[in-house]
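Worksheet: the structure to be examined is printed underneath.
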Amino acid sequence: MAHFWSSIRDSRGFDALLVWLALGYLTVFSAFPLVYNFVISLQTVDLFSLASFDRPFVGLENYREVLSDPVAGTVLWNTIRFVVLSVVFQLLIGFGLALFFQQDFPGSSYLRGLFLAGWIMPALVVGAVWSWILAGDFGVLNYVLRSFGLIDENIFWLSDHQVSLYSVIIANIWLGVPFNMILLSVGLASIPQDLYEAAELDGAGAWQRFYTITLPLMRAPLGAVVSLGIIFTLQQFDLFAALTQGGPSNASNVAQYWSWQLSFQTYQISRGSVVSVLMIVFVIGVAAIYTRSTRYEQNY
Amino acid sequence: MTSMAQIELEHVDKHYGQFHALKDINLTIPKGSFVALVGPSGCGKSTLLRSLAGLESISGGTMKIAGERMNGVPPRRRDVAMVFQSYALYPHMTVRENLTYSMRLNRRPKEECEKAAKDVAAITGLDELLDRYPRQLSGGQRQRVAMGRAIIRDPKAFLFDEPLSNLDAALRVHMRKEIRSLHDRLRATSVYVTHDQVEAMTMADHVVVLRDGIIEQQGAPLELYDHPANRFVAGFIGSPAMNFIDAAVSETGDAIVLEGLDAVLPIDRRLQPGRQVKAGLRPEHLRLGAPENSSIRLEIAVVEFTGAASYLSSATDPELTIFHAGRVEVKSGEVVGVSIAPELVHLFDPVTEERILAQSGSE
């Protein structure tokens with residue numbers, strides 16, 4: 001026992017302790033749920049067998065059922081649109097703002113700070129605010145569009161099956177822009193100013209400097225922001241809960257919300273697990289790309 | 001070398017808000033010459049160089065490069081190349097791509113770029129390194145790439161911003177010679193900023209000493225060494241630095257009495273008796289001798305040997321440093337005699353700090 005305590009006090013034992021704590025945490029709270037989730041997706045689970053581990057094994061039967069569900073196609077297409085549009089616009093707006101605030105004008109750092117406000121608000125609150133903005137009959141967005149004469153009659157942003165998904169996408173873009181902007185700002189700030197000066201003396205105009213210096217040197221931060229953006233977008237749940245609940249009739253339903261509906265609203269827990277297992281496989285792929293992209297990080 | 005002016009600065013001023021960084025700079029740089037801008041940090045030498053590059057705009061005066069007025073012209077239209085202190089190599093490009101960046105911006109044919117890269121690589125000794133990235137190069141190699149990137153453009157002027165300060169001492173001495181010989185081969189016009197007066201003295205044809213945004217003196221390196229215009233230049237040029245001692249002109253007017261040392265030094269000019277002066281004695285001009293037939297007698301506090309030379313510091317107040325080529329048999333605590341040739345005694349006005357000229361003393 002004395003030996004144990006002395007090994008904690010010298011740094012080797014302490015290092016090992018920290019590693020084991022982290023590993024233990026990961027095992028209990030990450031690895032076990034992942035594996036358990038995968039196991040459930042191969043079993044028949046109902047409310048009666050939920051409490052026991054001993055449940056009928058059905059192989060890939062749940063996967064077959066989920067994939068042949070008519071909703072699956074809609075959800076897949078919605079998820080693709082949700083992720084692609086959110087990530088693309090978050091990136092474009094975030095990068096644009098990062099470049100804008102990189103120009104050192106008076107008050108730029110304060111203004112940049114204001115943009116973080118959206119980031120620190122809980123997504124559920126953001127969803128509630130957007131549900132007022134987007135409200136069909138009293139929403140401020142309709143009011144603005146009508147005042148400018150852009151529309152003649154109100155758009156029912158949240159209950160029209162043609163626009164409800166885009167409403168969530170708009171709210172999600174707003175939510176994700178600060179994150180993109182901050183990460184890309186950090187990347188931009190780390191490019192030494194004298195590279196731009198050298199390029200300028202070498203004859204590069206503003207656009208040439210952007211294409212030949214900024215973009216290639218931003219490769220690692222851009223890769224990181226895209227990968228993390230995809231992951232964050234795939235776990236965006238609160239906005240759907242607050243805005244459309246996936247409706248009307250699954251018009252704005254996406255994989256992560258559908259998985260939750262299956263598991264906790266209709267109690268088809270195995271099917272919910274199937275959806276989340278498929279998402280995990282995809283996210284692991286994205287995470288691999290993210291890890292690779294950090295390889296291109298520059299040391300100046 | 002022709003006498004045609006490649007760079008002309010007339011009454012150039014630069015303000016940063018309240019701060020007056022460059023004050024009425026007048027400087028003419030002949031085509032093909034190597035000019036060093038030297039001074040302590042904050043003296044404005046880098047600002048002047050960056051103004052030449054167009055990276056800073058000047059607040060007043062005119063700036064001409066190859067006869068063309070450059071005020072307000074953006075850097076990329078000035079046709080000057082700059083070698084940065086940090087080298088500023090593009091980290092995502094190979095050496096070849098770094099060298100040919102300016103040519104590729106101009107959409108020059110591939111073969112032409114390749115040939116130019118090969119030629120410049122041969123001049124700068126980078127032949128084997130064309131496919132490497134900057135991070136795979138040593139400090140000296142990066143330095144060469146930075147120079148190659150400037151050379152390939154055949155610019156109207158080369159601007160060097162302390163290019164050797166990131167190298168270790170041995171490499172710095174080597175690169176000093178390399179840059180100078182490249183300059184001679186290319187017959188280029190070079191402006192070189194440094195805080196190291198040895199670099200300025202050894203490399204340049206013409207040295208410009210700056211302090212607080214003012215040109216204190218400009219001229220050939222040895223001219224500055226032999227005839228410093230004021231106390232600042234005298235103390236800045238030369239290593240180890242000149243000794244400065246308060247003194248008064250003797251009653252006869254042809255010698256000075258050093259304060260605190262109880263010594264009389266003959267001088268080669270006549271000054272008003274009793275006049276207060278600042279005497280400047282270069283360590284290498286002080287000759288050691290027997291105490292009884294020397295004008296100054298000093299107790300030595302520290303003796304340092306470098307092998308080839310000895311440095312002696314006196315125990316007196318003011319302290320004197322003596323440079324002696326070779327070795328000396330002097331121990332600390334010993335009293336030695338020191339003398340100096342009258343024509344090597346520099347005299348400065350204690351108030352204006354200007355050099356006291358040979359004839360102006362008898363006012």
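Proteins come first, then strands; the chains are lettered A, B, ... in the order of their sequence lines, and each starts at number 1.
Contact of B:Met103 with chain A is not made at all, since no heavy-atom distance falls under 4.5 Å. Within the 4.5 angstrom heavy-atom criterion, no atom of B:Arg77 approaches chain A. Proximity to chain A (any heavy atom under 4.5 Å) is shown, for B:Ala53, by both the backbone and the side chain. Using a 4.5 Å cut-off between heavy atoms, B:Leu159 does not touch chain A at all.
Looking at A:Leu201 and B:Arg76, their side chains never come closer than 4.5 Å, going by heavy atoms from C-beta outward. Residues B:Tyr101 and A:Ile213 form a side-chain contact, since some pair of their non-hydrogen atoms from C-beta on lies under 4.5 Å apart. The closest side-chain heavy-atom distance from A:Asp202 to B:Tyr90 is below 4.5 Å. No side-chain heavy atom of B:Met82 sits less than 4.5 Å from a side-chain heavy atom of A:Glu197.
More than 12 heavy atoms of other residues, nucleotides or ligands shown are found within 6.0 angstrom of OH on B:Tyr16. Within a 6.0 Å sphere centred on CD of B:Glu68, heavy atoms belonging to other residues, nucleotides or ligands number 12 at most. No more than 12 heavy-atom neighbours from other residues, nucleotides or ligands sit within 6.0 angstrom of OH on A:Tyr290. Within 6.0 Å of the CZ atom in A:Phe282, the count of heavy atoms belonging to other residues, nucleotides or ligands does not exceed 12. Enclosure of atom CZ in A:Phe105 by more than 12 non-hydrogen atoms of other residues, nucleotides or ligands within 6.0 angstrom is indicated. The local environment of NZ in B:Lys64 is sparse, with at most 12 non-hydrogen atoms from other residues, nucleotides or ligands closer than 6.0 Å. Annotation for A:Phe237: atom CZ counts as buried by contact number, over 12 foreign heavy atoms lying within 6.0 Å. Residue A:Tyr25 places its OH atom among 12 or fewer non-hydrogen atoms of other residues, nucleotides or ligands, all under 6.0 Å distant.
Of the residues considered (B:Gln85, B:Arg104, B:Arg50), B:Arg50 shows the highest number of contacts with chain A, using heavy-atom pairs under 4.5 Å.
For the atom pair CG (B:Leu105) and CZ (A:Arg209), the distance works out to 10.5 Å, reported to the nearest 0.5 Å.
In terms of heavy-atom proximity, A:Leu217 sits nearest to B:His92 at CD2-ND1, 3.4 Å.
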